[in-house]
Amino acid sequence: MQAQADVCLLRCPGRAQAKPRSIQIAGKRYNVAFKTKQWTVVTEPAASTDDTHANEAETEVASYAIVNLSEDGRRRFYQVLSGQFGEPIMHPEPDRALALPSDVAYVHASSGEALTPKGKISGILLKNAAGEIVGRYSLTNAAEQGIGIKLYDDGSLTVDGEKYYLRSLLTKDKNRILNFDGFFSEEPQAQVKVWELADLPL
């Protein structure tokens, strides 16, 4: 009996439903579906004039997103968006990602062909002269810890005053994960190699 009552709370015809709370994210308004810890799941209602199933849990939505919002409404770490077919698309650092430097030469890591990458840098990895990783930063964590990161158009990067240079970009999956991880070294590079996960010589 209790289980039947619980189902009725979600989807019994004729029962008044509370209007969902809405929030605005990047200029677009969504309804809040639910929250779990730091994460908020939101939906965009589908355009429909059919109210037959308006109270059902399976109601179709136009799109969805999963976000981690700071108190000032800024999106932290990453967000998940629904793609063309409803598939999840990962978008790292939607509000903090760094624009790609404009005054450097980008080439495909395997073919050496010149290209113009699209996207931003959402992760920072620093290498020393021996090729060892000496720093790895989420832009959200860096900002919240007061670590000063600034990227310039010539590909140079300062991290709390220490200078590095962009050497390569990596996208883990260009169809499912937006933006790049940027690898920086202590020496300037003539070209910046652009890698996709499948191109890595592993």
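All values derive from a computational prediction rather than experimental measurement.
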Shared hydrophobic cluster, Val42 / Phe34 (ILVMFWY, side-chain heavy atoms < 4.5 Å): no

Residue pair Asn68 / Gln79, side-chain heavy-atom distance below 4.5 Å: no

Euclidean distance, Glu196 CD relative to Lys174 NZ, rounded to 0.5 Å: 5.0 Å

Main-chain N/O of Phe183 paired to Tyr164 side chain as donor or acceptor, under 3.5 Å: no

Salt bridge (Lys or Arg N to Asp or Glu O under 4.0 Å) partners for Asp173, two or more places apart: Arg176

List the atom pairs, with distances to 0.1 Å, where a side-chain N or O of residues 109-125 and a protein N or O form a donor-acceptor pair under 3.5 Å, not counting sequence neighbours.
residue, atom, partner, partner atom, Å
Ser111, OG, Glu113, N, 3.2
Ser122, OG, Phe180, O, 3.3

Close side-chain approach of Val104 and Asp154, heavy atoms under 4.5 Å: no

Side-chain heavy-atom pair Val61, Asn31 within 4.5 angstrom cut-off: no

Distance, nearest 0.5 Å, that separates CZ of Arg167 from CD of Glu187: 10.0 Å

Lys/Arg N to Asp/Glu carboxylate O, Asp181 vs Lys172, below 4.0 Å: yes

Note, Ser168 side chain near Phe184 side chain (heavy atom, < 4.5 Å): no

Within-4.5 Å side-chain heavy-atom neighbours: Thr158 and Ile149: no

Closest non-hydrogen atom pair between Asp153 and Ser102, with its separation: CG-OG, 3.2 Å

Non-hydrogen side-chain atoms of Lys193 and Val107 separated by less than 4.5 Å: yes

salt_bridge(Glu132, Lys127) N-O dist < 4.0 Å: no

Residue pair Leu197 / Thr171, side-chain heavy-atom distance below 4.5 Å: no

His108 and Val194: CA distance, side-chain angles, deciding distance, side-chain contact (heavy atoms from CB on, under 4.5 Å) verdict: CA-CA 5 Å; His108 190 281; Val194 181; 5.9 Å; no

Asn179/Ile177 under side-chain contact (heavy atoms from CB on, under 4.5 Å): CA gap, chis, key distance, verdict: CA-CA 7 Å; Asn179 293 338; Ile177 304 176; over 6 Å; no

Quiz: residues 133-140 side-chain donor-acceptor pairs under 3.5 angstrom, not counting sequence neighbours:
residue, atom, partner, partner atom, Å
Ser138, OG, Glu93, OE2, 3.2
Ser138, OG, Thr140, N, 3.4
Ser138, OG, Asn141, N, 3.3
Thr140, OG1, Phe77, N, 2.9
Thr140, OG1, Glu93, OE1, 2.7
Thr140, OG1, Glu93, OE2, 3.1

CD/Gln24: more than 12 non-hydrogen atoms of other groups inside 6.0 Å: yes

Steps toward side-chain contact (heavy atoms from CB on, under 4.5 Å) verdict (Tyr106, Leu166): CA-CA 10 Å; Tyr106 297 98; Leu166 181 61; 4.3 Å; yes

Distance (rounded to the nearest 0.5 Å) between Tyr165 OH and Ser185 OG: 9.5 Å

Same apolar cluster (I L V M F W Y, side chains within < 4.5 Å links), Met90/Ile66: yes

Test side chain to side chain donor-acceptor pair (under 3.5 Å) applied to Arg76 and Gln38, step by step: CA-CA 10 Å; Arg76 306 166 69 240; Gln38 301 178 48; 3.0 Å; yes

Close side-chain approach of Pro88 and Leu81, heavy atoms under 4.5 Å: no

Single-linkage hydrophobic cluster, 4.5 Å side-chain cutoff, Ile25 and Val80 together: no

Worked verdict on Trp39 versus Tyr78 for ring-ring contact (aromatic ring centres under 6.0 Å, His included): CA-CA 10 Å; Trp39 300 91; Tyr78 60 86; 5.1 Å; yes

Verify same cluster id: Leu151, Leu126 (apolar side-chain graph, 4.5 Å): yes

Neighbour count above 12 (heavy atom, 6.0 Å) for Glu162 CD: no

Same apolar cluster (I L V M F W Y, side chains within < 4.5 Å links), Val67/Leu178: no

Tyr152 six-ring face occupied by Lys150 cation (under 6.0 Å, within 45°): yes

Test: Asp95 and Arg75 ion pair at under 4.0 Å: yes

Stepwise side-chain contact (heavy atoms from CB on, under 4.5 Å) check, His91 with Ile89: CA-CA 6 Å; His91 185 185; Ile89 305 294; 5.7 Å; no

Heavy-atom closest contact (Ala129 atom, Glu186 atom, distance): N-OE1, 3.5 Å

